[in-house]
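In what follows, every chain begins at residue 1, and chains take the letters A, B, ... in the order their sequences are listed. The structure displayed is predicted, hence computed values, not measured ones.
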2 protein chains.
Amino acid sequence: MSNRSQSSERAHAQVSVERVTIGLVAKTAGVSRATVSRVMNGNPRVAQDLAQRVRRAAEELGYAPSPVARSLALGRTGIIAMLVPDLGNPMFQGILHGLTDAAAQENYRLLVADSNENLHEEPVLAIEARRRCDGLVLCAPRMPAEQLLDLAPQLAPFVLINRELPGFATPSLTIDFAAGIRDLVTHLLSLGHRRLAYLAGPDTSASNHARVQALHKAAEGTFELVELPCGATFADGHAVADQLTDLQVTAVVAYNDLVAFGTLSRLHELGINVPAQMSIVGFDDIPFVRYTTPPLTTASVPMDQLGPQAWERLWALMNDKSPEENVHVRPRLEVRGSTGPAPSR
Amino acid sequence: MSNRSQSSERAHAQVSVERVTIGLVAKTAGVSRATVSRVMNGNPRVAQDLAQRVRRAAEELGYAPSPVARSLALGRTGIIAMLVPDLGNPMFQGILHGLTDAAAQENYRLLVADSNENLHEEPVLAIEARRRCDGLVLCAPRMPAEQLLDLAPQLAPFVLINRELPGFATPSLTIDFAAGIRDLVTHLLSLGHRRLAYLAGPDTSASNHARVQALHKAAEGTFELVELPCGATFADGHAVADQLTDLQVTAVVAYNDLVAFGTLSRLHELGINVPAQMSIVGFDDIPFVRYTTPPLTTASVPMDQLGPQAWERLWALMNDKSPEENVHVRPRLEVRGSTGPAPSR
DNA sequence: TTGTATGCGTTATCAG
DNA sequence: CTGATAACGCATACAA
């Protein structure tokens with residue numbers, strides 16, 4: 001039974017609702033489906049008059065090719081996906097923006113999947129997202145390495161943000177947290193601070209681990225370090241600030257800018273002057289921390305570079321070329337108003 | 001020529017790379033594709049031993065059904081999309097979060113498309129996004145009504161956020177900007193302010209228009225209103241603040257919280273005390289404005305409600321039920337530290 | 001240049 | 001309960 005007679009059978013039930021497919025356009029224009037396909041894809045070797053007829057028919061019927069069917073036939077979708085753990089973190093917006101633009105230049109679209117910090121769903125989400133598109137940019141800092149290693153074959157081609165994956169060769173864009181921390185510490189030391197607090201991020205965060213290590217290494221024989229469990233959000237920073245007063249520290253290194261901002265806010269409520277009585281530094285340089293009161297000294301991560309670089313590597317992968325070497329971005333120390341000379345005791 | 005012999009022809013060239021499809025699993029398990037399909041979809045009426053064989057084969061081969069092929073066969077994708085003009089605006093994150101969770105309960109996934117404020121690409125993006133999934137949540141405040149009206153048939157089913165569309169019956173979730181503005185103004189008037197500045201959002205923004213109208217209406221015979229072109233971002237608010245000093249206003253109504261925050265920051269730099277010398281209010285109550293110095297008085301939009309409600313309506317639409325009536329959310333006045341009594345002249 | 005026939009990977013119908 | 005087989009909507013060798 002041909003497709004067409006099938007269609008007309010259905011038409012008996014619902015004449016007006018016949019779906020507008022390539023077949024309908026073909027019938028309307030009086031050509032074959034192949035010709036319609038050619039016209040829609042801009043194939044130049046189609047007679048002008050036929051092309052006209054097809055375009056008119058398509059126009060009248062409001063026809064547009066089905067991306068799903070097209071993807072199946074072509075074996076590619078023309079989209080890539082990025083998985084992020086938390087869209088609320090301004091950290092990602094720069095990456096997303098750059099990635100969107102870079103991909104658009106090659107006629108690729110970006111879709112974003114947010115795991116909402118739901119660690120449990122992340123693997124499923126990643127696989128599903130990946131299978132609906134041609135490539136993946138993966139940011140899953142909390143996912144255990146073994147699990148990621150298991151998933152890796154199913155996710156390829158993909159590029160990693162903010163972590164590396166020993167045992168599976170795929171590009172990754174990482175940030176040199178250690179260097180950033182060193183710069184911040186050097187800055188604080190130069191201001192005379194000798195006893196610092198670190199407001200730690202989530203235990204499971206690899207980047208937190210990197211920061212901690214760098215801090216301890218720098219501290220050896222140079223300054224005292226007090227580590228305070230905290231978190232990664234405004235609220236965490238706000239809540240932890242009260243503990244700061246008893247610690248005799250003169251400066252605070254926060255896990256990231258969000259935490260730093262929360263702490264800053266609480267210190268202000270407590271009547272503690274920043275930076276006169278206490279200095280504080282963040283990490284990331286998210287968009288608005290230059291506007292806090294006082295503006296936040298931080299390690300500025302050039303997020304706008306990451307998007308294009310991620311795309312460049314993913315694009316190479318998708319075309320079976322070998323991607324450029326991994327990027328290890330070094331943050332730039334951004335001195336603002338939240339740091340000042342250590343108060344004399 | 002059967003599928004299978006076709007496959008083995010190819011295998012000549014690349015034996016090891018034979019794609020793992022339902023057919024391969026079927027062959028491996030020694031059953032038909034139909035059976036594999038049944039097992040993969042949890043169809044209970046399959047003999048235990050067969051089901052076992054299939055699962056083992058699938059496991060060994062690392063098989064997972066192709067979402068694309070599946071979507072084509074089923075006529076549905078199991079995903080919805082949301083189009084936003086700017087992921088950087090914290091305003092959307094609450095909505096996205098709620099929408100993700102609500103959809104997940106029905107086993108639907110959410111994909112996000114960001115138009116990056118690129119008005120030109122927005123229609124194309126909306127259509128493409130829509131055609132790759134089963135429904136759309138559309139937030140396109142700047143798109144001209146006529147254009148949206150043209151697109152509407154191709155976008156259905158969809159629900160609108162933050163605007164209505166006369167001429168096309170589809171659910172929309174809107175915010176009662178006028179009520180929010182009225183509450184803010186009432187608050188400022190009660191504090192003795194009689195000359196206010198409004199930092200206007202983008203001309204093309206319908207919500208800006210609503211705010212302006214409400215302000216003018218409220219102002220009649222009650223207070224003086226100075227309207228300043230501004231924008232929608234931190235930077236806009238920061239930049240416009242210098243103009244404020246000459247205007248003799250005692251209070252500022254900002255287009256949104258971002259602008260308010262930028263202004264707050266600049267006023268602080270200029271040595272103008274908020275709220276002693278100048279009061280300032282925002283709109284939206286995005287997550288961190290409770291942490292600014294001073295914390296921002298604003299009209300709090302309950303964004304966490306919008307996501308679930310959007311899903312409820314989209315879900316109804318996708319199932320040919322009639323959705324509940326439109327929502328017109330009324331913001332709640334959130335008085336914080338950025339407003340105080342008008343200074344006496 | 002155009003049409004025919006087939007494949008893309010699944011699901012669903014319908015016999016057996 | 002299981003297996004052929006026909007869709008789903010499109011693209012593309014191949015033939016004409």
Side-chain angles (χ1 to χ4, degrees), chain A residues 1-11 18-54 58 61-78 128 131-132 134, chain B residues 1-10 18-54 58 61-78 131-132 134:
Chain A
M1 187 187 296
S2 84
N3 220 335
R4 194 158 301 168
S5 59
Q6 173 77 196
S7 293
S8 42
E9 274 183 19
R10 287 189 187 163
E18 185 173 16
R19 312 194 42 154
V20 37
T21 71
I22 196 174
L24 180 57
V25 176
K27 189 172 67 177
T28 307
V31 300
S32 74
R33 295 189 309 220
T35 298
V36 176
S37 176
R38 293 189 183 104
V39 172
M40 296 308 290
N41 292 314
N43 187 324
R45 40 190 190 187
V46 178
Q48 286 301 321
D49 53 336
L50 276 199
Q52 274 308 334
R53 294 222 308 270
V54 169
L61 297 170
Y63 168 74
S66 152
V68 176
R70 204 156 187 283
S71 298
L72 183 58
L74 288 173
R76 41 163 251 120
T77 64
E128 282 197 15
R131 297 198 42 121
R132 292 189 182 284
D134 303 337
Chain B
M1 186 187 296
S2 83
N3 219 334
R4 193 159 300 170
S5 58
Q6 172 79 191
S7 293
S8 42
E9 274 185 20
R10 287 191 187 159
E18 184 173 15
R19 314 192 43 153
V20 37
T21 71
I22 195 173
L24 181 56
V25 177
K27 189 172 68 178
T28 306
V31 299
S32 74
R33 294 188 315 225
T35 298
V36 176
S37 177
R38 293 189 184 104
V39 173
M40 297 307 291
N41 291 313
N43 187 324
R45 42 189 190 186
V46 177
Q48 286 301 322
D49 53 336
L50 277 200
Q52 274 308 335
R53 293 224 307 272
V54 169
L61 297 170
Y63 167 75
S66 152
V68 175
R70 204 155 189 283
S71 298
L72 182 59
L74 288 174
R76 41 163 250 119
T77 63
R131 296 197 43 117
R132 291 189 181 284
D134 303 338

State, with a plain yes or no, whether a side-chain heavy atom of B/D49 is found less than 4.5 Å away from one of B/Q52. no
A/I22 side chain near A/R70 side chain, heavy-atom distance below 4.5 Å: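 They are not in side-chain contact.
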So, does A/R132 use its side chain to make a donor-acceptor pair with the main chain of B/T77 at under 3.5 Å?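 Pair found, side chain donor or acceptor close to backbone of B/T77.
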Measure from the side-chain N and O atoms of A/R131 to the backbone N and O of B/A64, and report whether any donor-acceptor pair falls under 3.5 Å. yes
Is any side-chain N or O of [X] closer than 4.0 Å to OP1 or OP2 of [N]?
X     : N      : result
B/S32 : D/dA4  : no
B/S66 : C/dT10 : no
B/T21 : C/dG9  : no
B/R70 : C/dT11 : yes
A/R38 : C/dT2  : no

Of the listed nucleotides ([options]), which one gets closest to any side-chain atom of [X]?
X     : options               : answer
B/A73 : C/dT2, D/dG9, C/dG9   : C/dG9
B/T35 : C/dT11, C/dG9, D/dG3  : D/dG3
B/R19 : C/dG9, C/dG3, C/dT2   : C/dG9
A/L72 : D/dG9, C/dT10, C/dT2  : D/dG9
A/A69 : D/dG9, C/dT11, C/dT10 : D/dG9

Once you apply a heavy-atom cut-off of 4.0 Å, does [X] come out as touching a base, just sugar-phosphate, or nothing?
X     : answer
B/A34 : base
B/A64 : sugar-phosphate
B/L74 : sugar-phosphate

A/R132 CZ to C/dT10 P, in whole Å, measures 13 Å
